[in-house]
Amino acid sequence: MPQRPFSDQNCSIARTLEIVGERWTLLVMREVLLGCRRFGDIRRSLGVAPNILSDRLATLVEHGLLTRRRYSERPEAHEYVPTRKGVDLDRVLVALLQWGDEHAVPAAGPPRVLVHAACGHDADPALHCSHCGEVLEPGELRVRPGPGADERQRAEPLLPA
């Protein structure tokens, strides 16, 4: 079933999904961010078909989340290295991991636990208000029109997030 593009939506979430919304893309980024950089290693780790992996890697390179770097000339071979833009996607993966741990975790418990590299203890990252520093709980955010809002969005009141 062909997917309808989100290009007619003035929405950061929709535009992000245009890049990373395909079912394998975030898993590919997970593997790369965990240090799996070579095509064959990513394919074996995920069990994804080579044509699909090639397409996802090309998309991630095209959109600047990964760079393709040669690590061998004979035979010619490349690895995929995250860019700053790709590393920034880690926050999305952490949010998905936390949601999964809360709502889709196996009976035995989470398969992976986040650890704060600086202190070595288990971590539970949380959103904080950039103004007052308080932890933001679900339901405590609202959405207002931003500088890129269209006319319809500027006419909307403060909305729940």
Side-chain angles (χ1 to χ4, degrees), residues 2-71 77-106 109-131 133 135-144 146-149 153 161:
Q3 296 183 358
R4 186 171 78 82
F6 296 126
S7 55
D8 61 337
Q9 295 188 35
N10 189 23
C11 173
S12 296
I13 295 170
R15 292 194 177 150
T16 300
L17 288 174
E18 285 281 333
I19 300 167
V20 300
E22 192 281 328
R23 75 177 268 183
W24 288 104
T25 305
L26 290 174
L27 296 175
V28 169
M29 283 304 300
R30 177 197 68 192
E31 292 305 307
V32 171
L33 291 171
L34 289 174
C36 193
R37 306 279 167 89
R38 298 177 179 176
F39 185 93
D41 295 336
I42 298 168
R43 189 176 61 75
R44 278 186 292 282
S45 180
L46 293 176
V48 61
N51 62 319
I52 291 173
L53 180 56
S54 291
D55 184 62
R56 298 310 161 255
L57 289 168
T59 297
L60 292 166
V61 168
E62 174 188 344
H63 288 282
L65 282 80
L66 299 176
T67 58
R68 186 173 181 247
R69 183 171 65 197
R70 184 184 320 194
Y71 69 87
H78 297 86
E79 64 182 354
Y80 294 87
V81 181
T83 62
R84 179 78 253 160
K85 191 175 179 180
V87 170
D88 285 347
L89 198 62
D90 187 57
R91 293 178 281 184
V92 174
L93 295 174
V94 166
L96 286 170
L97 180 138
Q98 289 178 307
W99 187 91
D101 287 351
E102 182 73 24
H103 301 287
V105 69
R112 295 185 186 219
V113 176
L114 298 170
V115 176
H116 184 212
C119 73
H121 288 89
D122 291 357
D124 187 20
L127 289 173
H128 292 81
C129 176
S130 60
H131 178 74
V135 172
L136 298 170
E137 299 294 338
E140 292 183 345
L141 287 176
R142 301 292 178 263
V143 178
R144 66 170 177 76
Q153 291 165 325

When you measure from the side chain of [X] to the backbone N and O of [Y], does any donor-acceptor pair fall under 3.5 Å?
| X | Y | value |
| --- | --- | --- |
| D122 | V113 | no |
| H131 | C129 | no |
| R142 | G139 | yes |

Taking every non-hydrogen atom, the tightest pair across [X] and [Y]:
| X | Y | value |
| --- | --- | --- |
| V20 | L60 | CG1-CD2, 4.5 Å |
| L66 | P82 | CD2-CA, 3.7 Å |
| V105 | P110 | CG2-N, 3.2 Å |
| N10 | G148 | ND2-O, 2.9 Å |
| H128 | G133 | CD2-O, 3.2 Å |
| L26 | L93 | O-CD2, 3.7 Å |

Practice problem: Mind jotting down which residue pairs meet the side chain to side chain donor-acceptor pair (under 3.5 Å) criterion with at least one end in residues 43-61? Sequence neighbours excluded, please. | Solution: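 For residues 43-61, and leaving out neighbouring residues, the side chain to side chain donor-acceptor pair (under 3.5 Å) pairs sorted by first residue read E22-R56, E31-S45, D41-R44.
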Quiz item: Got a sec, which pairs hit side chain to side chain donor-acceptor pair (under 3.5 Å) with one end in residues 87-99, sequence neighbours left out?
Solution: R84-D88, Q98-D124
Quiz item: Would one find more than 12 heavy atoms of other residues, nucleotides or ligands at under 6.0 Å from atom NE2 of H121?
Solution: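 Atom NE2 in H121 is not packed in, count stays at 12 or less.
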Quiz item: For atom CZ of R23, is the number of surrounding heavy atoms from other residues, nucleotides or ligands below 6.0 Å larger than 12?
Solution: no
Out of curiosity, [X] [atom1] to [Y] [atom2], how far, rounded to the nearest 0.5 Å?
| X | Y | atom1 | atom2 | value |
| --- | --- | --- | --- | --- |
| K85 | H63 | NZ | NE2 | 7.5 Å |
| I19 | E62 | CD1 | CD | 9.0 Å |
| Y80 | R37 | OH | CZ | 13.0 Å |
| I52 | L57 | CD1 | CG | 12.0 Å |
| I42 | F39 | CD1 | CZ | 8.0 Å |
| T25 | R30 | OG1 | CZ | 12.5 Å |

Self-check item: V32, L33, L65 screened by side chain to side chain contact (heavy atoms under 4.5 Å, CB included) with V87, the one that passes
Solution: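 That would be L33.
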Quiz item: Looking at side-chain heavy atoms only, is the closest gap between L34 and R112 below 4.5 Å?
Solution: yes
Self-check item: R38 and Y71, any side-chain heavy atoms less than 4.5 Å apart
Solution: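 A side-chain contact exists here, since the closest heavy-atom pair is under 4.5 Å.
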